[in-house]
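See below for the structure under consideration.
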Amino acid sequence: MITERYDEVKRRIAAACERVGRDPNEVTLVAVSKTKPEEDIMDLYRYGVRDFGENYIQELRTKHDDLPKDIRWHMIGHLQRNKVKYIADYVEMIHAVDTPELVATIEKEGTKHNRIIPVLIEVNVAGEESKFGVKPEDCEAFASTFSQYSHVSLQGLMTSAPFVENPEDNRAVFRELKQLMVDINHKNIDNVNMRVLSMGMTNDFEVAVEEGSTMVRVGTAIFGARNYNTSTQ
Ligand SMILES: *Cc1c(COP(=O)(O)O)cnc(C)c1O
């Protein structure tokens with residue numbers, strides 16, 4: 001049952017919090033529902049879950065159209081500038097912002113819809129070639145560019161750690177992202193006061209929580225393995 005697996009993930013988050021003296025209420029569990037059918041989302045919705053994560057714009061649009069309007073949709077995947085307009089009026093948070101041009105587009109769309117769109121900077125902490133995201137050393141300068149805007153709000157940092165057999169191997173990655181956020185906050189940049197750390201997935205969310213994650217993005221542990229050949233797209 002999906003709701004039981006969801007509870008099990010919640011329980012593991014709470015246990016990780018307990019190990020390091022954190023309040024479990026500081027950690028939002030985003031249920032990553034990409035490729036999964038709307039019935040699965042509704043099972044969790046009826047159970048009280050509201051935070052869902054999606055990677056693909058077309059799939060997100062369809063699900064947003066079909067499903068209850070109080071769902072908080074997190075766009076966690078790489079986002080192209082020309083797709084921002086499809087989600088700008090309702091998206092709860094855009095997790096993977098990594099270029100000034102994308103920020104400018106989000107600002108424009110936020111202005112159009114008269115809302116402030118919360119975003120996170122995606123940081124490629126481990127320096128993986130195959131991944132999007134800004135380099136840690138470029139993050140402060142990028143964060144400074146947000147000062148000029150009023151319809152896009154920088155709330156924090158996000159990373160997707162490498163796939164590793166042993167989640168302990170990602171501890172240094174999570175620690176570095178947290179430290180980066182603390183360091184940039186100390187610079188007192190106008191309009192920049194970050195509080196969200198979106199890090200931790202099925203394989204490593206407990207280590208991420210121990211290292212300060214405030215948002216874990218968990219798919220497989222809740223919905224089961226994904227089969228991209230029969231995806232809902
Ligand atoms: C798919 C995805 C997740 C969830 O991954 P699982 O390993 O299934 O928990 C989290 N974050 C991003 C950016 C993803 O693309």
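Counting starts at 1 for both ligands and their atoms, in listed order.
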Does even one non-hydrogen atom of His95 get within less than 4.0 Å of ligand 1?
no
Considering only heavy atoms of Thr220, which atoms of ligand 1 have at least one such atom less than 4.0 Å away?
6 (P), 7 (O), 8 (O), 9 (O)
Output yes when the distance from some N or O of ligand 1 to some N or O of Asn203 is under 3.5 Å, and no in every other case.
no
Taking all non-hydrogen atoms of both residues, which atom of Val152 and which atom of Ile106 are closest, and how far apart?
CG2-CG2, 3.9 Å
Among Glu128, Arg217, His95, Met199, whose side-chain contact (heavy atoms from CB on, under 4.5 Å) with Ser160 holds?
Arg217
N-O pairing of Glu211 and Lys178 below 4.0 Å:
no
Give the numbers and elements of all ligand 1 atoms closer than 4.0 Å to a heavy atom of Gly219.
4 (C), 6 (P), 8 (O), 9 (O)
Considering only non-hydrogen protein atoms, determine which one is nearest to atom 2 (C) of ligand 1 and report residue, atom name and distance to 0.1 Å.
Lys34 NZ, 2.5 Å
Where do Arg22 and Glu210 land on the salt bridge (charged side-chain N to carboxylate O under 4.0 Å, His left out) test, with the steps shown first?
CA-CA 8 Å; Arg22 296 186 64 198; Glu210 288 172 7; over 6 Å; no
Tell me if the aromatic rings of Phe52 and His74 count as close, with their centers under 6.0 Å from one another.
no
Could you tell me which atoms of ligand 1, counted from 1 in the order shown, lie closer than 4.0 angstrom to a heavy atom of Arg217?
4 (C), 9 (O), 10 (C), 11 (N), 12 (C), 13 (C)
So, are Glu122 and Lys131 salt-bridged, with charged N and O less than 4.0 Å apart?
no
Any salt bridge linking Arg12 with Glu206? Criterion: basic side-chain nitrogen under 4.0 Å from a carboxylate oxygen.
yes
Tell me: protein heavy atom nearest atom 5 (O) of ligand 1, and distance?
Met201 CE, 3.6 Å
Among all protein heavy atoms, pick the one closest to atom 6 (P) of ligand 1 and tell me residue, atom and distance.
Thr202 OG1, 3.4 Å
For Ser160, the ligand 1 atoms with a heavy-atom partner under 4.0 Å come out as 13 (C)
Do Arg5's NZ or CZ and the ring of Phe223 fall within the cation-pi criteria of under 6.0 Å and 45°?
no
If you have a sec, work out which protein heavy atom is nearest atom 12 (C) of ligand 1 and how many Å separate them, to one decimal?
Ile76 CD1, 3.5 Å
One finds that the ligand 1 atoms under 4.0 Å from a non-hydrogen atom of Val218 are 9 (O)
